[in-house]
Amino acid sequence: MPVTYVLVHGAWHSGQCWSKVVPRLGASGRPVFAPTLTGYGETRHLLSEDTGLRTHVADVVRLLVEEDLHDVVLVGHSYAGMVISGVANEVPERIARLVYLDAMVPEHGESAFDVLPASRGMLGDGWRVPPPPEPFGLFGVTDPADVAWVRSMLSDQTVHCLDEPVAMDHPALAAIPRTHIHCTPKPEGIDPRPVPAVQPNGEPADVRELVSGHDCMVIVPGELAAMLLDLGELGELAAASAPSPAGAGR
């Protein structure tokens, strides 16, 4: 059975940021979804003080349930590493692989502030957290047309996206394979957590690199899509080789 890709954007962006990647994945015949989380992009009018990490976890869980998606390669970029972790905790039976794309990688009970303490420096006086100033706020994008596109996409997020803890205590969560894709080289002052040598499921860590700025889906969409297609094929091979449940018919 083919995997389904669900691509979750990071802070300040919208589902539109995957526009160059979606057709490349879709050309393989696999379903692809790139939702916009509540309060961003075309839903920015829904942003409120109460919008937060739990809102965004619920957004993606709702998509998986309403579309009845299984064998999902769940990709989270940047802040969305928090989101996909919470989603997998809610519906682990629907997830084939977690892909942390230059993303925050939390432990149970941590917030984005815990994972990336430097994010506290983005706070102002109110509940809104605007995009960072340029050039950092262009996330490595330099092509003039892409810069204009990214600028048009960005909108505020809330403090609760950063201070709400994620739940990762479901017993089945540890069994889900993980892949970490790091964009290199990193900007000065950005020091991501080291990836443990062994995944929670006991397999060796799967760490890959893309030579790109942070918004790799904009900068190197072809290379990113190729990497995700490879991960999809791994998931399909694993599913094909897995033993059938006792008593299951064919």
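Owing to the predicted nature of the structure, the values given are computational and were not obtained by experimental measurement.
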* To do: Sequence neighbours left out, what passes salt bridge (charged side-chain N to carboxylate O under 4.0 Å, His left out) with E90? Give chain and number order.
  => none
* Asked: Taking side chain as C-beta onward, heavy atoms only, is D156 less than 4.5 Å from P131?
  -> yes
* **Listed once per pair and sorted, the salt bridge (Lys or Arg N to Asp or Glu O under 4.0 Å) pairs that draw on residues 38-56, sequence neighbours left out** => R54-E164
* Test item: T43 side-chain N/O and G39 main-chain N/O as donor-acceptor pair under 3.5 Å -> yes
* To do: Scan residues 129-152 for pairs that pass salt bridge (Lys or Arg N to Asp or Glu O under 4.0 Å), counting only residues two or more places apart or in two chains.
  => K20-D146, E134-R151
* To do: Could you check if a side-chain atom of L25 sits within less than 4.5 angstrom of a side-chain atom of R30, using non-hydrogen atoms only?
  => no
* Taking the side chain as C-beta and beyond, is there a heavy-atom pair between P192 and K186 under 4.5 Å? -> yes
* What pairs with R120 under side-chain contact (heavy atoms from CB on, under 4.5 Å), at least two apart in sequence or on another chain? -> F113
* Find out whether P130 and W12 are in side-chain contact, i.e. whether some heavy atom of one side chain is under 4.5 Å from a heavy atom of the other. => no
Got a list of side-chain donor-acceptor pairs under 3.5 Å for residues 168-176, not counting sequence neighbours?
from, atom 1, to, atom 2, distance (Å)
D169, OD1, N89, ND2, 3.3
H170, ND1, A172, N, 3.0

* To do: Could you state whether V65 and L63 fall into the same hydrophobic cluster, counting links through intermediate Ile, Leu, Val, Met, Phe, Trp or Tyr residues with side-chain heavy atoms under 4.5 angstrom apart?
  => yes
* To do: Verify side-chain contact (heavy atoms from CB on, under 4.5 Å) between H9 and M153, making sure each step is shown before the conclusion.
  => CA-CA 11 Å; H9 64 84; M153 188 190 316; over 6 Å; no
* Do V129 and M82 belong to the same hydrophobic cluster, where Ile, Leu, Val, Met, Phe, Trp and Tyr are linked whenever their side-chain heavy atoms lie under 4.5 Å apart, directly or via other members? -> no
* **H180: ring pair (Phe, Tyr, Trp, His ring centres under 6.0 Å) partners, not counting sequence neighbours** => Y100
* **W149 to C17 - nearest heavy-atom pair and separation** => CH2-O, 4.0 Å
* Asked: Given side chains that start at C-beta, do those of L74 and V60 come closer than 4.5 Å, heavy atoms only?
  -> yes
* Asked: Roughly how far, to the nearest 0.5 Å, is the CG atom of L210 from the CG atom of L101?
  -> 7.5 Å
* Non-hydrogen side-chain atoms of H13 and L37 separated by less than 4.5 Å -> no
* To do: Might you point out which heavy atoms bring G232 and V73 nearest each other, and give the distance in Å?
  => CA-CG2, 4.4 Å
* Kindly write out the residues that satisfy ring pair (Phe, Tyr, Trp, His ring centres under 6.0 Å) with H56, not counting sequence neighbours, or none if the list is empty. => Y40, Y79
* Asked: Does a side-chain heavy-atom distance below 4.5 Å link L64 with V87?
  -> yes
* Asked: Does V166 belong to the same Ile/Leu/Val/Met/Phe/Trp/Tyr cluster as V83, with side-chain heavy atoms less than 4.5 Å apart forming each link?
  -> yes
* **side-chain hydrogen bond (donor to acceptor under 3.5 Å, both in side chains) partners for T38, two or more places apart** => D59
* Inter- and intrachain pairs under salt bridge (Lys or Arg N to Asp or Glu O under 4.0 Å), touching residues 198-212, at least two apart -> R97-D206, D206-R208, R208-D230
* To do: Indicate yes or no: at least one non-hydrogen side-chain atom of E93 is less than 4.5 angstrom from one of V91.
  => yes
* Asked: Can you list the steps and then say if L224 with W18 is a side-chain contact (heavy atoms from CB on, under 4.5 Å)?
  -> CA-CA 10 Å; L224 174 59; W18 303 102; 4.1 Å; yes
* By ring pair (Phe, Tyr, Trp, His ring centres under 6.0 Å), which residues pair with H214, not counting sequence neighbours? -> H77
* Enumerate the residue pairs fulfilling salt bridge (Lys or Arg N to Asp or Glu O under 4.0 Å) with a member in residues 63-87, sequence neighbours excluded, ordered by first and then second residue. => D68-R94
* **Single-linkage hydrophobic cluster L231~I95, side-chain heavy atoms < 4.5 angstrom** => no
* **Euclidean distance, L228 CG relative to L7 CG, rounded to 0.5 Å** => 7.0 Å
* To the nearest 0.5 Å, tell me how far Y5 OH sits from L69 CG. => 14.0 Å
* Asked: Does P31 have any side-chain contact (heavy atoms from CB on, under 4.5 Å) partners at least two apart in sequence or in another chain, and if so, which?
  -> T4, F33
* What are the two closest non-hydrogen atoms of S78 and G10, and how far apart are they? -> CB-CA, 4.3 Å
* Evaluate side-chain contact (heavy atoms from CB on, under 4.5 Å) for V8 paired with V6, printing each intermediate quantity in order. => CA-CA 6 Å; V8 187; V6 176; 4.2 Å; yes
* Structure fact -> Closest heavy-atom pair, P106 versus G81, reported as atoms and distance to 0.1 Å, is CD-O, 4.0 Å
* Structure fact -> Note: M122 and P132 closest approach over all heavy atoms is SD-CG, 4.4 Å
* Asked: Can you tell me how far SG of C161 sits from CD of Q157, rounded to the nearest 0.5 angstrom?
  -> 4.5 Å
* To do: Go through the steps for V195 and R178 under the test side-chain contact (heavy atoms from CB on, under 4.5 Å), then give the verdict.
  => CA-CA 11 Å; V195 176; R178 300 182 177 192; over 6 Å; no
* State yes or no: do L229 and V99 share one hydrophobic cluster built from I, L, V, M, F, W and Y residues joined by side-chain heavy-atom distances below 4.5 Å, directly or via other members? => yes
* D215 CG to D102 CG distance, which is reported to the nearest 0.5 Å -> 9.5 Å
* Once you round to the nearest 0.5 Å, how far does CD1 of I219 lie from OG1 of T142? -> 6.5 Å
* Structure fact -> Heavy-atom closest pair (I181 atom, M227 atom, distance to 0.1 Å) is CD1-SD, 3.6 Å
